[in-house]
Number of protein chains: 2
Amino acid sequence: MSRFQILPEAVEGNDTTLMPCAACDVREMTICSVLGGHELDRLAQIVARVPVAAGQTIFQEGDDAEHVYNIVSGSVRLFKLLPDGRRQITGFLFDSDFLGLALKQHYAYSAEAVSPTVVCRFPRGKLERLFDDLPKLEKRLLDEASNELIAAQDQMLLLGRKTAAERLSSFLFALARRQNNRHVELEMTRTDIADYLGLTIETVSRTFTKLRKLDIIDTPDAHSVVIKDASVLKDMAEGE
Amino acid sequence: MSRFQILPEAVEGNDTTLMPCAACDVREMTICSVLGGHELDRLAQIVARVPVAAGQTIFQEGDDAEHVYNIVSGSVRLFKLLPDGRRQITGFLFDSDFLGLALKQHYAYSAEAVSPTVVCRFPRGKLERLFDDLPKLEKRLLDEASNELIAAQDQMLLLGRKTAAERLSSFLFALARRQNNRHVELEMTRTDIADYLGLTIETVSRTFTKLRKLDIIDTPDAHSVVIKDASVLKDMAEGE
DNA sequence: CGGGACTTTGAGCAAATTCAACCATTGTGG
DNA sequence: CCACAATGGTTGAATTTGCTCAAAGTCCCG
């Protein structure tokens, strides 16, 4: 449904003035954290804050990669499609995550907001030109790419070799770690989770029920999970 | 079987002297290609050429990441294991490929030679320290990481959403492109292919037979594939 | 030429999918 | 304010794809 929606234009130096980088909530957790005040100004000159409604497309696979982003708040799904509509979600992004790797001429995947989201948008060309003056920025991005590569390899192991219960356990355990809380909030639907874990929604639903019956989790509602036994969940996630 | 073998020590500046970077066969296709003669000397000072026998371990997941590598010749498999032995091969590397991303303190996966291989070995710390003097090198590595990220996302789509026939077609099509030849040589066994595609060896074997019966490929022997209809193979690989 | 590693094929099985029905929640218009 | 349509979630039954178990065939390589 969001396929034909486009991102509203934000005027640079407008929203930005109202919310300069120095006052940014997530600055210390993003790529910006490597920059000092003076360097941050350079970045602030090319940045724009853009709100994105739930379900809205940020960019599509194959589009000219004009921008890269930091997620300020909200959540985003990245995915690839097969011609017949089969979808693989390759990752979920949350506040402080960088969006736009790999740095290539065209986006290799599509990105949509899962929930109402605010992104911090940089023109890719201008950012890359900043690399020469701000080598710390490039180092940080290489580090970011390394982290994503490791996550991608973990996900390949999950998709290629784990059972449904192991997949869902891995997902919930990772979310709990990210949210730093036994009470996990799921912004995404069962369809999103299924397309991320390489399963169907029915299997995801049945597996939630199974984990609940095993007393490993509780699901007060469809979008909340309470981890009752983190150690068993972790073992199940790791296939032991 | 190769689990407890270790890499023979190569004396730096020994083999290296016999085969300096300037005379390297694959230099123009590796990360070294961004460097000029003078810069290449800096790299040559920290490099060592090491032969690796088929089946031999180059490094293991969790090991301290002391070195990174260029593959000079041969082929390498990267993989992760679950505690019960299930294996997911996350990639195959061939001549001119870079080995060692993500650049982290510990290797996130294991690497073994598939066939007799020669690698060009760099101490990771020394290489990273060269980044400041040779920013082109770091740029190239970020580019390399971007390519790997894209490949990883393609592989997630394959593992999460493609059928057995689509997976094998994707694999053969990618190899044909890489080898730039309709006659594809498979260095790896059916077990390796299965662990790369998230299947069992039996399913891989049956799927070879299926593609052969469909007249899409021919298999003169178990390690040679001739692509008879590249266009149909490509369509099948892409799920059409 | 013999033995081990690898590959292929067959038969039955199981995990996950498909198809279908039903339930819960939410938002909308009468 | 309620009826009801739409969306999302759960559960059940039947089916299917790919897996497990088993056996036989092939190819090196000494």
Side-chain angles (χ1 to χ4, degrees), chain A residues 1-2 53-55 77 82 84-89 114-116 158-169 171-172 185-213 217-225 236 239, chain B residues 1-2 53-55 77 82 84-88 114-116 158-172 185-213 217-225 236 239:
Chain A
M1 33 70 206
S2 55
R77 59 178 166 251
L82 288 172
D84 65 359
R86 279 174 286 172
R87 182 177 72 157
Q88 181 62 42
I89 292 182
V114 171
S115 54
L158 179 149
L159 293 170
R161 288 297 180 228
K162 288 187 182 176
T163 64
E166 289 164 355
R167 293 180 198 202
L168 186 59
S169 299
F171 176 65
L172 295 176
E185 293 306 315
L186 306 174
E187 310 265 26
M188 65 293 292
T189 66
R190 294 291 186 267
T191 304
D192 284 339
I193 297 172
D195 285 351
Y196 181 58
L197 300 180
L199 301 168
T200 59
I201 53 171
E202 294 94 332
T203 299
V204 169
S205 182
R206 281 185 250 271
T207 307
F208 267 114
T209 302
K210 183 179 173 185
L211 295 184
R212 192 168 352 94
K213 286 188 175 156
I217 63 169
D218 203 358
T219 53
D221 66 90
H223 292 275
S224 307
V225 177
M236 181 152 292
Chain B
M1 31 66 210
S2 55
R77 59 178 166 250
L82 288 171
D84 64 0
R86 279 175 285 172
R87 182 177 72 157
Q88 180 64 41
V114 171
S115 53
L158 179 149
L159 292 169
R161 288 297 178 227
K162 288 186 182 177
T163 65
E166 289 164 355
R167 293 180 198 202
L168 187 58
S169 300
S170 300
F171 176 64
L172 295 176
E185 294 305 315
L186 306 174
E187 311 265 26
M188 65 292 292
T189 66
R190 294 291 185 266
T191 303
D192 284 339
I193 297 172
D195 285 351
Y196 181 56
L197 300 180
L199 301 169
T200 59
I201 53 171
E202 295 93 334
T203 298
V204 169
S205 182
R206 281 186 249 272
T207 307
F208 267 114
T209 302
K210 184 179 173 185
L211 294 184
R212 191 167 355 94
K213 286 188 174 158
I217 63 169
D218 203 358
T219 53
D221 65 90
H223 292 276
S224 306
V225 178
M236 182 152 292

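When reading the values below, keep in mind they use all heavy atoms of this one structure, side chains included, and skip hydrogens, waters and symmetry mates. Residue numbering restarts at 1 for every chain, and letters A, B, ... go by the order of the sequence lines.
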Heavy-atom side-chain proximity of B:Thr203 to B:Leu168 below 4.5 angstrom: no
Whole angstrom value for the distance that separates P of C:dT8 from NZ of B:Lys213: 12 Å
Side chain of B:Thr209 (C-beta onward), nearest among C:dT9, C:dT7, D:dG8: C:dT9
Side-chain touch A:Glu202/A:Arg206, heavy atoms, less than 4.5 angstrom: yes
Between A:Arg190 and A:Ser205: side-chain donor-acceptor atoms closer than 3.5 Å: no
Interatomic distance, B:Glu187 CD vs C:dC6 C1' [rounded to whole Å]: 16 Å
B:Asp84 bridged to A:Arg161 by N-O distance under 4.0 Å: no
Integer-rounded Å distance: D:dT17 C1' and B:Leu168 CG: 16 Å
Atom-to-atom span, CG of B:Asp84 to P of D:dC19 - whole angstrom: 15 Å
Sequence-aligned protein contact record of nucleotides 11-18 of chain C, with B where the base is within under 4.0 Å of a protein heavy atom and S where only the sugar-phosphate is: B----SBB
Cationic N near anionic O, under 4.0 Å, B:Glu187 to B:Arg77: no
Got a list of protein N/O to nucleotides 28-30 of chain D N/O distances below 3.5 Å?
none

Whole-Å gap separating P (D:dG18) and CG (B:Leu197): 12 Å
Sugar-phosphate, base or nothing in reach of B:Ser205, heavy atoms under 4.0 Å: base
Side-chain heavy-atom pair A:Thr209, A:Thr207 within 4.5 angstrom cut-off: no
B:Leu211 CG to C:dT8 P, straight-line distance once rounded to whole Å: 12 Å
